[in-house]
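In what follows, a structure is listed as structure tokens, so that the remarks can point back to it.
Sequence lines set the chain letters: A, B, ... in the order given, protein chains first and strands last, and positions in each chain run from 1.
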Protein chains: 2
Amino acid sequence: MTNNLKVERARHNMTQADLAEAIGVSRQSINAMEKNKYVPSTVLALKLSRLFKKPVEELFQLEAGD
Amino acid sequence: MTNNLKVERARHNMTQADLAEAIGVSRQSINAMEKNKYVPSTVLALKLSRLFKKPVEELFQLEAGD
DNA sequence: TCTAAATGTAAAGTTTATTTTACATTTGAT
DNA sequence: ATCAAATGTAAAATAAACTTTACATTTAGA
């Protein structure tokens, strides 16, 4: 799975710390997500979707193997 | 978070076992998801979305506390 | 009613998400 | 060039996802 978090965050002028606080996770979690270190939960995806006002599918995309 | 998996599954005439196989998890995982025993990963949400041809937001919804 | 399929549930185990702390590197502004 | 903010990263700890096995209950059809 890939994601556009970095772009959306830039769009909204938010730091990783800002975003972390906004959705209630640690800054390291945001960093790891952006670097595709792990797959976040659906609750996080929905919270990001709500915050950025974009469908989950626009923020996260399945890849070939998935 | 809540979800409509049971309804979508009925729409598609699939058993929990069918759905489990279709998206590559155990039947117990599907059962637990439907009964809100845990929050699935975003990869699973996207796979369910793809299978049922419905946006993630239509399958999963944040609740008051989230 | 009998039976099989489907669903519910539970415990133990494995893997992965997420946190905390801590530090190193990069970037941007002065 | 310097300083602070932002980002990258890492290790250890905890929480939660997910699996496997196994069995009990419900449901629908013959």
- Do A:Val56 and B:Pro55 come close enough that some side-chain heavy atom pair is under 4.5 Å? no
- Query: So do the side chains of B:Phe52 and B:Leu19 get within less than 4.5 Å of each other, counting heavy atoms only?
  - Reply: yes
- Output the distance between atom CG (B:Leu48) and atom CG (B:Asn4), rounded to the nearest 0.5 Å.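 These two atoms lie 11.5 Å from each other.
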- Distance (rounded to the nearest 0.5 Å) between A:Leu44 CG and A:Phe60 CZ: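 It is 7.5 Å, given to the nearest 0.5 Å.
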Given [options], which nucleotide is nearest the side-chain atoms of [X]?
X	options	result
A:Leu44	D:dT7, C:dT18, D:dC18	C:dT18
B:Arg27	D:dA10, C:dA17, C:dT9	C:dT9
B:Ser26	D:dT20, D:dA17, C:dT21	D:dT20

- 5'-most by nearest nucleotide on DNA chain C - B:Ser41 or B:Lys35: B:Lys35
- Message: Between C:dT7 and B:Gln28, counting only base atoms on the nucleotide and side-chain atoms on the residue, is there a donor-acceptor pair under 3.5 Å?
- Response: no
- So, is B:Ser29 near the phosphate of D:dA17, with a side-chain N or O under 4.0 Å from OP1 or OP2? no
For [X] and [N], give me the distance from atom [atom1] to atom [atom2], rounded to whole Å.
X	N	atom1	atom2	answer
B:Glu34	C:dG8	CD	C1'	11 Å
A:Ile30	C:dT20	CD1	P	14 Å
B:Asn31	C:dG8	CG	P	5 Å
B:Met33	C:dT9	CE	P	16 Å
A:Lys37	C:dA17	NZ	P	12 Å
A:Asn36	C:dT16	CG	C1'	15 Å

- Just wondering, are more than 12 heavy atoms of other shown residues or ligands nearer than 6.0 Å to CZ in B:Arg11? no
- Query: Which pairs, with at least one residue in residues 16-28 of chain A and sequence neighbours excluded, count as a salt bridge (charged side-chain N to carboxylate O under 4.0 Å, His left out)?
  - Reply: none
- Query: Which residues within residues 9-22 of chain B lie with some heavy atom under 4.0 Å of an atom in DNA chain D?
  - Reply: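 Residues of residues 9-22 of chain B under 4.0 Å from DNA chain D: none.
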- Query: What is the minimum heavy-atom distance between A:Asn31 and A:Gln16, and which atoms define it?
  - Reply: ND2-OE1, 3.0 Å
